[in-house]
Amino acid sequence: MSIDSSPAARQRTSYTIPGISQGVADDLVALLQERLHALNDLALTLKHIHWNVVGTHFIAVHTMLDPQVDAVREMVDDTAERIAALGGSPIGTPGALAAGRSWDDYSLGRATALEHLAALDLVYSGVIESHRKAIEATDELDPVSQDMLIGQARQLEQFQWFVRAHLESADGRLSTSGAQTELQAAETAPADSAQEAGSSQEAGSSQEAASA
């Protein structure tokens, strides 16, 4: 009899959840590990934005993001514990996250609240789309894992709604429509009122200087 000596096999237990075969459990662990990486990355990105947001909307966005960080961290914990319950070993190290992800680091550093929210809209879209694919994949494999993912998607979609409310026009259009990257999305963000005021003052000063 051949023995599976792969790293994944060495890390898993000799049992899984009753009613789920070892093969299905392995598939679920692999799928949930991808979600674990995505959620860990999202929690870090949200905190990064929380620290780097500036402008007239600073306090509103700064305080809006902390509850989202807390909720996503709870999703991380639930997902990791589900992996463990299935007999897998949840991997939460920074190196594994960097090696296992298929996306780049968040692109913005210090930026206005609306620029960050525009970029964050794209981040949420990517996480939610992948979560929905995982929901479809678990439809027949495991309704319990699927239920967890559905609950997480519901919260993630609500958080994206909070973000998009800052980017939506009165006629229901998003400023980020058509943006393919976070930097492109940031460029489409509505102007910060402080920036507008500064631009107006500079324009006025230039006109006065020209007249003099």
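Since the structure is predicted, the reported quantities are computational estimates derived from the model, not experimental observations.
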* ring pair (Phe, Tyr, Trp, His ring centres under 6.0 Å) partners of Phe162, counting only residues at least two apart -> none
* If you look at every heavy atom in Leu39 and Val72, which pair is closest and at what distance? -> O-CG1, 3.3 Å
* Atom CG of Leu120 and atom OG1 of Thr45: how far apart are they, to the nearest 0.5 Å? -> 8.5 Å
* Any link between Leu156 and Leu44 through a network of hydrophobic side chains (Ile, Leu, Val, Met, Phe, Trp, Tyr) touching at under 4.5 Å? -> no
* Structure fact -> CE (Met148) and CZ (Arg35) are apart, to the nearest 0.5 Å, by 10.0 Å
* Asked: Would Ser145 and Leu32 satisfy side chain to side chain contact (heavy atoms under 4.5 Å, CB included), going step by step from the backbone distance to the final call?
  -> CA-CA 9 Å; Ser145 294; Leu32 292 176; 4.1 Å; yes
* Spacing of Ser21 atom OG and Leu28 atom CG [to the nearest 0.5 Å] -> 8.5 Å
* Asked: How would you list all residue pairs meeting salt bridge (charged side-chain N to carboxylate O under 4.0 Å, His left out) that involve residues 37-58, not counting sequence neighbours?
  -> Asp41-Arg101, Lys47-Asp66
* Asked: Can you hop from Leu114 to Ile59 via hydrophobic side chains spaced under 4.5 Å?
  -> yes
* Asked: Under a 4.5 Å side-chain heavy-atom rule over Ile, Leu, Val, Met, Phe, Trp and Tyr, are Ile150 and Ile128 clustered together?
  -> yes
* To do: Mind jotting down which residue pairs meet the salt bridge (charged side-chain N to carboxylate O under 4.0 Å, His left out) criterion with at least one end in residues 156-170? Sequence neighbours excluded, please.
  => Asp121-Arg164, Arg132-Glu157
* Quick one: which residue pairs count as a ring pair (Phe, Tyr, Trp, His ring centres under 6.0 Å) with a foot in residues 61-101, not counting sequence neighbours? => His50-His62, Phe58-His62
* **Intermediate values then yes/no, side chain to side chain contact (heavy atoms under 4.5 Å, CB included), Val29 and Thr16** => CA-CA 11 Å; Val29 166; Thr16 186; over 6 Å; no
* Among all residues two or more places apart in sequence or in another chain, which pass the side-chain contact (heavy atoms from CB on, under 4.5 Å) test with Thr93? -> Ile91, Ala96
* Using modelled atom types only, decide if a donor and an acceptor are shared between the side chain of Gln160 and the backbone of Tyr124 within a distance under 3.5 Å. => no
* Asked: Between the side chain of Thr188 and the main-chain N/O of Ala185, is any donor-acceptor distance below 3.5 Å?
  -> yes
* To do: Is it possible for you to say whether Leu174 and Trp161 belong to one hydrophobic cluster, with membership spreading through side-chain heavy-atom contacts below 4.5 Å?
  => yes
* **Exercise: identify the closest heavy-atom pair between His166 and Met64** => CE1-SD, 3.9 Å
* Asked: Could you give all pairs that pass the salt bridge (charged side-chain N to carboxylate O under 4.0 Å, His left out) test and reach residues 169-179, with sequence neighbours left out?
  -> Asp171-Arg173
* Work out which heavy atom in Ala85 is nearest to a heavy atom in Ile17; give both atom names and the distance. => O-CG1, 3.4 Å
* Between Ala186 and Leu108, what is the shortest heavy-atom contact and its length? -> CB-CD2, 3.8 Å
* Pair listing, salt bridge (charged side-chain N to carboxylate O under 4.0 Å, His left out) test, anchored in residues 67-80, at least two apart -> none
* Pairs satisfying ring pair (Phe, Tyr, Trp, His ring centres under 6.0 Å), at least one member in residues 89-121, at least two apart -> His48-Tyr106, Tyr106-His116
* **Sequence-distant partners of Gln22, side chain to side chain donor-acceptor pair (under 3.5 Å), two or more places apart** => Asp26
* To do: Only counting residues at least two apart or in another chain, list the ones meeting side-chain contact (heavy atoms from CB on, under 4.5 Å) with Val144.
  => Arg82, Asp142
* Which residues share a side-chain contact (heavy atoms from CB on, under 4.5 Å) with Val61, sequence neighbours left out -> Val53, His57, Leu65, Ala113, Leu117
* Asked: Going hydrophobic residue to hydrophobic residue with side-chain gaps under 4.5 angstrom, can you get from Leu97 over to Ile83?
  -> no
* Shortest non-hydrogen contact from Leu167 to Pro190? -> CD2-CD, 4.1 Å
* Asked: At their closest point, which heavy atom of Ala179 faces which heavy atom of Leu122, and how far apart are they?
  -> O-CD2, 3.8 Å
* Check step by step if side chain to side chain contact (heavy atoms under 4.5 Å, CB included) holds for Val163 and Val123. => CA-CA 11 Å; Val163 169; Val123 173; over 6 Å; no
* Test Arg154 against Gln158 for side chain to side chain contact (heavy atoms under 4.5 Å, CB included), laying out the working first. => CA-CA 6 Å; Arg154 184 185 303 112; Gln158 184 185 46; over 6 Å; no
Side-chain atoms of residues 134-141: list all donor-acceptor pairs with protein atoms under 3.5 Å, sequence neighbours left out, distances to 0.1 Å.
| from | atom 1 | to | atom 2 | distance (Å) |
| --- | --- | --- | --- | --- |
| Thr138 | OG1 | Ala134 | O | 3.0 |
| Thr138 | OG1 | Ile135 | O | 3.1 |
| Asp139 | OD1 | Gln146 | NE2 | 3.3 |

